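The structure is given below, and queries will be raised subsequently.
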Amino acid sequence: MFYLFPFQVLAKNLTMVTEFLLLGFSSLGEIQLALFVVFLSLYLVILSGNVTIVNIIRLDKSLHTPMYFFLGILSTSETFYTFVILPKMLLNLLSVARTISFICCAIQMFFFLGFAITNCLLLGVMGYDRYAAICHPLHYPILMSWHVCGKLGATCGIGGFLASLTVVYLVFSLPFCSANKVNHYFCDISPVIRLACTNTDVHEFVIFICGVLVLVVPFSLICVSYVCILRTILKIPSTEGRRKAFSTCASHLTVVIIHYGCASYIYLRPTANFVSNRDRLVTVTYTIVTPLLNPIVYSLRNKDVQVAIRKVLGKKGSLKFYN
């Protein structure tokens, strides 16, 4: 019953608020129907893209390498990450009643932050993987053995959800007296904590420290890794060798810049600076655009993945022909 502990503690919180109202995009009126079509289409692309990547990596033995191992975990995490938010958001776009219970709001925030922080840590590990592959190719099999990869993957997941548990407890242990209108399309930290009817400075400071640890520290390590990678690449004599080395890093860097940039803008600042309309636009970027970029930019443009997809589809076509 340990997994129920944080939410049992939250349920004991002396609060008059039993549910929250997610305002979402309600101010946009009839445009919401158009948004529903757009977001539903993007959600289906995200699901199909990430599921395809996971299956291709699982089925093709040539992709059984550390880089694609972490990419598979990232795609799986992105799938659950969007599942926590987008179905409820799509439902609210077509619904008048946009309520979510107190406990469900806490659970949504817990899983959203858990997968989001896991993704941040995974991107950091993937940066280290590229550093080991390019800067220390002879020691790469030892530095990134399957035993090490398994430990790194588990650490990202456990660390992500422990950090999420800490933040969710800090937010929902506060008293919520009467205000219950969350000016967002899901239960995010800033719009929820603003509704608390007490001083939240200490809680916000601790949450800010958590944000620094899960955003600034991994991003700093990625930057250091890429400085070393750049120095090594510039020493490669052939133009083709340099181009190939750069290409293996470009997609990762694209996802890192967008993900960390948007997340830092939202979470590495005081809650009082929350601006609903602009922040919702930025949040859409890292809750929808980034998961969309993962299969498109990072994977489907990768030649190894393209060859693997053709190979798997070719095998399935052959099986159908013989059957």
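These figures come from a predicted structure and were not determined experimentally.
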ask   = Do you know which two heavy atoms are closest between Gly153 and Ile73, and how far apart they sit?
value = CA-CD1, 4.3 Å
task = Please work out which of the three classes, parallel, tilted or perpendicular, describes the rings of Phe20 and Phe172, given edges at 30° and 60°.
result =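 If you compare the ring of Phe172 with that of Phe20, the planes turn out perpendicular.
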message = To check you understand the geometry: which heavy-atom pair defines the closest contact between Ala163 and Ile117, and what is its length?
response = CB-CD1, 3.8 Å
key: Donor-acceptor pair, side chain of His64 and main chain of Ile57, under 3.5 angstrom   = yes
ask   = Relative to each other, are the rings of His136 and His139 parallel, tilted or perpendicular (30° and 60° limits)?
value =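 Ring orientation, 0 to 90° scale: perpendicular.
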query = If we only count heavy atoms from C-beta on, is the Leu47 to Thr79 side-chain gap below 4.5 Å?
reply =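 Yes, at least one pair of side-chain atoms sits under 4.5 Å.
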key: Main-chain N/O of Pro87 paired to Tyr43 side chain as donor or acceptor, under 3.5 Å   = no
task = Find out whether Tyr128 and Leu143 are in side-chain contact, i.e. whether some heavy atom of one side chain is under 4.5 Å from a heavy atom of the other.
result = yes
ask   = Hey, what do you get for Cys228 versus Cys135: SG atoms under 2.5 Å apart or not?
value =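 Looking at Cys135 and Cys228, their sulfur gamma atoms do not lie closer than 2.5 Å, so the answer is no.
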Exam field: side chain Ser164 to backbone Phe110, donor-acceptor pair closer than 3.5 Å = yes
note = Only one of Asn50, Asn119, Thr118 passes side chain to side chain donor-acceptor pair (under 3.5 Å) with Ser77, and that residue is Asn119
remark   = The side-chain hydrogen bond (donor to acceptor under 3.5 Å, both in side chains) partners of Gln32 (sequence neighbours excluded) come to Arg98
message = If you define the side chain from C-beta out and look only at heavy atoms, does anything of Thr166 sit under 4.5 Å from Leu170?
response =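 When only atoms from C-beta onward are counted, Leu170 and Thr166 do touch, with a gap below 4.5 Å.
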key: Least distance between heavy atoms, Cys120 atom then Pro218 atom   = O-CB, 4.2 Å
request  = Please tell me if the side chains of Met144 and Leu152 come closer than 4.5 Å, counting only heavy atoms from C-beta onward.
outcome  =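 Heavy-atom side-chain distance check passes, below 4.5 Å.
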key: Heavy-atom side-chain proximity of Lys88 to Phe186 below 4.5 angstrom   =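 No, their side chains stay 4.5 Å or more apart.
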query = So, for Glu19 and Thr99, which heavy atoms are closest and what is the spacing to 0.1 Å?
reply =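 What the structure gives for the nearest pair is OE2-CG2, 3.7 Å.
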task = May I ask you to check whether over 12 heavy atoms, not counting those of Phe219, lie within 6.0 Å of atom CZ?
result =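 At most 12 heavy atoms, drawn from other residues, nucleotides or ligands, come within 6.0 Å of this atom.
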inquiry  = How close do Phe36 and Leu90 get, counting heavy atoms only, and between which atoms?
reply    = CD1-O, 3.4 Å
ask   = Taking the side chain from Asp60 and the backbone from Ser62, do they hold a donor-acceptor pair closer than 3.5 Å?
value =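 Answer holds: yes.
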key: Side-chain heavy atoms of Tyr185 within contact of Val284, under 4.5 Å   = yes
message = Under a 3.5 Å distance rule, please check whether Asn55 uses its side chain to pair with a backbone N or O of Val51 as donor and acceptor.
response = yes
key: ring pair (Phe, Tyr, Trp, His ring centres under 6.0 Å) contacts touching residues 74-101 (sequence neighbours left out)   =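 Residue pairs passing ring pair (Phe, Tyr, Trp, His ring centres under 6.0 Å), neighbours aside: Phe80-Phe115, Tyr81-Phe112.
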task = Kindly say whether Pro191 contributes a backbone atom to a donor-acceptor pair with the side chain of Asn183 at under 3.5 angstrom?
result = no
query = Does the Ser101 side chain pair with the main chain of Cys104, one donor and one acceptor, at a distance under 3.5 Å?
reply =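 Judged by distance alone, yes, a pair lies under 3.5 Å.
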ask   = Do Ile56 and Tyr68 touch side chain to side chain, with heavy atoms closer than 4.5 Å?
value = no
message = Whether the side chain of Gln108 engages the backbone of Cys187 through a donor-acceptor N/O pair (distance < 3.5 Å, no angle test) should be reported.
response = yes
message = Side chains of Ile53 and Glu78, heavy atoms from C-beta outward: is any pair under 4.5 Å?
response =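 The answer is no; the side chains never approach within 4.5 Å.
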request  = Might you point out which heavy atoms bring Val168 and Ala106 nearest each other, and give the distance in Å?
outcome  =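 For Val168 versus Ala106, the nearest heavy atoms are CG1-O, 3.9 Å.
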